[in-house]
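Since this is a predicted model, take the numbers as computed values, not measurements. FYI, the numbering just counts along the sequence from 1.
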Amino acid sequence: MSLTKTVGLFAGTTLALTGAAFGSIEANNNDALSQIAVLKAEVQKLKEQSGDNWLSEQRATEIKGLVQDVLADADTRASLQGAGSTAGWDNGFFLASADGNFRLNVSGGGQIRWTYNNRSLDTNNSANNGQTENNWGFATRYTSLSFSGHIVDPSWQYMVSMAFFDDSGDYDGETGGGGTAYLNDWYILKDFGGFYMRAGQFVAPFSRERMMGDYDLQMLSRSNTNYAFGLGRTQGLELGFIADMFRVAASINNGMGQNSPTQNRGFNPNSGNSPGTDFAASGRAEVKLAGNWKQFEYQQGWRGEEFGLLIGGGAFYQNGRQGGLATPSYVTAANGGSNLGTGGQSFGFTVDAAAQFGGFNVLGAFYWSVNNSTWATGVDNLGQFNGKGLMVQGGFFLTDELELVARYEYGDFSNLSQLGVDGNLQSVATVGINWYFAKNRAKWQSDISYSFDTMGVFGSTGAGNGWYVDGVDGNGQQENGQLVFRTGITVSF
């Protein structure tokens, strides 16, 4: 083979091999590019998926944060008893500082009542002119608005309470027409940890029934016996001590009257007879043999509560520079309406007991008092006028909401007859039924009472309870057998 042919063959072979090699490389490059494109697509997909997950997590975090903010705001604004709350409900409406050192409680309530009274009257006797045998109508009772709480710290407590007087006469002798507002309570109390000191206007410590809150009563109102013998409000200083099993309280004050919520008006430099007493003091002690103090803030024995037993007693003494400080109208009328004496003294005591059995309860009280004639009538040298009274009351729950109640009252001012005052005995029986919608917060109560004796002295004292002084018959003797029916709704907040 010639050189030319040999070179040509080698060159052709080389070109062929080179072409084949280039073809193989190009094919490989195409495969690589295709794989790269696939990988890019997978990466993009992964990025997109990762982005969606991140957005979902961010959205979830934002939603959780928003929910937490809403819950925190709701807890701050509308929590009922939250530790950090500044407003809400805690057994009553309240406003409080964040640190708890200042607090304002707002409470109040009232009762709307319908009463029917029937008594015997001799229309031929001129003494009964203008009077009727049957009387009925609506009345508002115990309407009040109160502000209480503490300042500086929880040991500095205060109370300001305003009541609205009604013409039926919750307290005999109180002046003002229906709806007139008067100061009920105003005091500052310092708690030293068991021992406390209170100054201002408050119910004199003496009888448990009188010291009970208006909205925590088992009957529509307090007993006639309590209105006749229990003490009302006064102004003064009270010292007390509360322990696990007993508590005591003693007060030095301006004077105490059975009838008016603010019986003694206090010191008046423009009056020669102010404050009306030279010395006045009252006190009360209680022993809790079973149960807890909280359950004796009301009279009912609610179902499901533990057994409770409380025994108590009180005493008072006062002597005065002004006779007739607590003189009822029927006594002053017997003396021409004048208070002739200057001085006198009054004292008495009470013992009571309350037992709660988790579904029914029994309570009772006995009263005894002495008023010399100067204090009681404003007339000197007429001796002493003793009085005694008894009240027994109880209730039984048929269901959690329905309760049957009953009460018997006895009272005796018999030695007032030497002043020519008749009708000085009391014997009254009452039965009724209570329907509790929210325990003492909202309740409907109805009862019917019958007097076995003439309602004279006790009819006057208990005028706000629906009683009248009995009329006289044709022989000038007072009638008896008076009947009273009452029904009413009481609410408090």
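- Of all non-hydrogen atoms in V248 and A285, the two that sit nearest each other are CG1-CB, 3.7 Å.
- Between the side chains of Q393 and S223, not a single donor N or O lies within less than 3.5 Å of an accepting N or O.
- The six-membered or imidazole ring of W435 lies near that of F437, with a centre-to-centre distance under 6.0 Å.
- Annotation: F458 is in aromatic contact with F413 [ring centroid separation under 6.0 Å].
- The shortest side-chain heavy-atom distance between L220 and R141 does not fall under the 4.5 Å cut-off.
- Rounding to the nearest 0.5 Å places CG of N224 at 5.0 Å from CE of M455.
- Judged as a side chain to side chain contact (heavy atoms under 4.5 Å, CB included), and not counting sequence neighbours, the contacts of Y317 are F279, N319, Q345, F347.
- A salt bridge is absent between R198 and D185: the closest approach of a Lys/Arg side-chain nitrogen to an acidic carboxylate oxygen does not fall below 4.0 angstrom.
- Atom CD1 of I112 has more than 12 neighbouring heavy atoms from other residues, nucleotides or ligands inside a 6.0 Å radius.
- Note that CD of Q482 is 9.0 Å distant from OH of Y468, once rounded to the nearest 0.5 Å.
- Within a 6.0 Å radius of CZ in F195, other residues, nucleotides and ligands contribute more than 12 heavy atoms.
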Quiz item: For R233 and N253, what are the C-alpha separation, side-chain angles and deciding distance, and is it a side chain to side chain donor-acceptor pair (under 3.5 Å)?
Solution: CA-CA 10 Å; R233 285 176 168 81; N253 50 66; over 6 Å; no
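- Taken to the nearest 0.5 Å, the CH2 atom of W114 stands 6.5 Å off from the CZ atom of F485.
- Remark: the S155 side chain and the Y196 side chain contain no N/O donor-acceptor pair separated by less than 3.5 Å.
- Donor-acceptor pairing under 3.5 Å is recorded for the side chains of N465 and S221.
- Shown here are the ring-ring contact (aromatic ring centres under 6.0 Å, His included) partners of F397, two or more places apart in sequence or in another chain: W302, Y436.
- Counted by atom type alone, Q218 and N361 present one or more donor-acceptor pairs between their side chains at under 3.5 Å.
- There is no side-chain donor-acceptor pair under 3.5 Å between Q111 and Y215.
- Here Y227 contributes atom OH and R222 contributes atom CZ; the two are 5.0 Å apart, rounded to the nearest 0.5 Å.
- Looking at every heavy atom in both residues, S346 comes nearest to F316 through OG-CE1, 3.4 Å.
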Self-check item: Step-by-step side chain to side chain contact (heavy atoms under 4.5 Å, CB included) determination, D352 to E209
Solution: CA-CA 9 Å; D352 53 67; E209 187 179 4; over 6 Å; no
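- When T350, T225, N226 are each tested for a side chain to side chain donor-acceptor pair (under 3.5 Å) with Y367, only one passes: N226.
- Here the straight-line distance linking atom CD of E286 with atom CG of L310 works out to 4.5 Å at 0.5 Å rounding.
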Exercise. Check step by step if side chain to side chain donor-acceptor pair (under 3.5 Å) holds for Q295 and Q356.
Key: CA-CA 9 Å; Q295 70 188 95; Q356 299 178 357; 3.1 Å; yes
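- Under the 4.5 Å side-chain criterion, counting only non-hydrogen atoms from C-beta, L104 is not in contact with S148.
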